[in-house]
Amino acid sequence: MAHFGANTFYELLIAPRSNDEDGKRREFILNVILCGVIALVGLLDIYVFRYSIAKETAGRWVPFVAFSALFLSFIGLLYASRRGLWKPASYLLIALYAAGSTYSLYKWGFDLPQAILGYVSIIIISSILISTRFGLTITAILCVITLTIGSLQARNLIDTQ
């Protein structure tokens, strides 16, 4: 029986495989983020499944199938990163985070703290994983999205729950 310890976990899921030093650093950070996200989203997926079975919060939550697809997407990003595609995986991670936070902002309102904190995380992650210039570009895009959704909600053109 093979021994599965911390070193094996590190080598399989986190250890960078890039050749250049900057690529190794960014790949390592991406892998750590993805492993943490996979663990948390996996637990939340179980939670969403439990409530979807109980039908206690019908219509208020993200459907279980959609949430499970998000969970599988993060696993796919880690797989891509481990195969040397850490840069495209970084862009897709940022896009997934942005889509989730924007959906939250749209669905539950402009003043939802989790969506705003999600945007802050996206800005920081994009600056670290890609570049500072890309982080500034993402900041501008997210500002436009936030102001647009906030404006539409203030005019009651978007109905929030």
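These figures come from a predicted structure and were not determined experimentally.
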Tell me every residue that passes side chain to side chain donor-acceptor pair (under 3.5 Å) with Thr146, counting only those two or more places apart in sequence or in another chain.
none
Path from Ile124 to Leu30 over hydrophobic side-chain contacts below 4.5 Å
yes
Could you state the interatomic distance from OG (Ser131) to CZ (Arg26), rounded to the nearest 0.5 Å?
6.5 Å
Would you check if the side chain of Ser101 reaches a backbone N or O of Ala98 as a donor-acceptor pair within less than 3.5 Å?
no
Between the side chains of Thr102 and Tyr119, is a donor N or O closer than 3.5 angstrom to an acceptor N or O?
yes
Supply the atom-to-atom distance Leu77 CG to Leu72 CG, rounded to the nearest 0.5 angstrom.
11.0 Å
Could you report the tightest heavy-atom contact between Gly135 and Ser126, atom names first, then the distance?
CA-OG, 3.5 Å
Go through Ile46 and Arg50 one step at a time and tell me if the side chain to side chain contact (heavy atoms under 4.5 Å, CB included) criterion holds.
CA-CA 6 Å; Ile46 294 167; Arg50 182 207 178 276; 5.7 Å; no
Given 3.5 Å as the limit, does a donor-acceptor pair link the side chain of Ser104 with the main chain of Gly100, or not?
yes
Nearest 0.5 Å please: distance from the SG atom of Cys143 over to the CD1 atom of Ile123.
6.5 Å
Just jot down the side chain to side chain donor-acceptor pair (under 3.5 Å) partners of Tyr79, sequence neighbours excluded, or say none.
Arg83
In the single-linkage hydrophobic clustering (I, L, V, M, F, W, Y; side-chain heavy atoms under 4.5 Å), do Leu117 and Leu44 co-cluster?
no
Spacing of Ile138 atom CD1 and Ile130 atom CD1 [to the nearest 0.5 Å]
9.0 Å
Which heavy atom of Trp86 sits nearest to which heavy atom of Ser81, and what is that distance?
CB-OG, 3.7 Å
Distance-only donor-acceptor pairs under 3.5 Å for side chains of residues 32-40, two or more places apart:
none

Full working for ring pair (Phe, Tyr, Trp, His ring centres under 6.0 Å) between Phe134 and Tyr91:
CA-CA 10 Å; Phe134 185 74; Tyr91 283 109; 5.2 Å; yes
Please check if Ile141 and Leu147 belong to a single hydrophobic cluster, counting links between Ile, Leu, Val, Met, Phe, Trp and Tyr side chain heavy atoms closer than 4.5 Å.
no
Would you say Thr139 and Ile122 make side-chain contact, with heavy atoms under 4.5 Å?
no
Check side chain to side chain contact (heavy atoms under 4.5 Å, CB included) between Leu157 and all other residues, then give those that pass, not counting sequence neighbours.
Leu152, Arg155
Sidechain-backbone polar pair: Gln153 side chain, Asp111 backbone, donor-acceptor under 3.5 Å
no
Same apolar cluster (I L V M F W Y, side chains within < 4.5 Å links), Phe74/Leu85
no
What is the distance from atom CG of Leu129 to atom CZ of Arg25, rounded to the nearest 0.5 Å?
8.5 Å
Kindly check if the number of other-residue, nucleotide or ligand heavy atoms within 6.0 Å of OH (Tyr106) is above 12?
no
Any chain of hydrophobic side-chain contacts (each under 4.5 Å) joining Phe64 to Leu43?
no
Could you list the residues that satisfy side chain to side chain donor-acceptor pair (under 3.5 Å) with Ser68, not counting sequence neighbours?
Asp45
Return the set of residues passing side chain to side chain donor-acceptor pair (under 3.5 Å) with Asp20 (not counting sequence neighbours), or none when no residue passes.
none
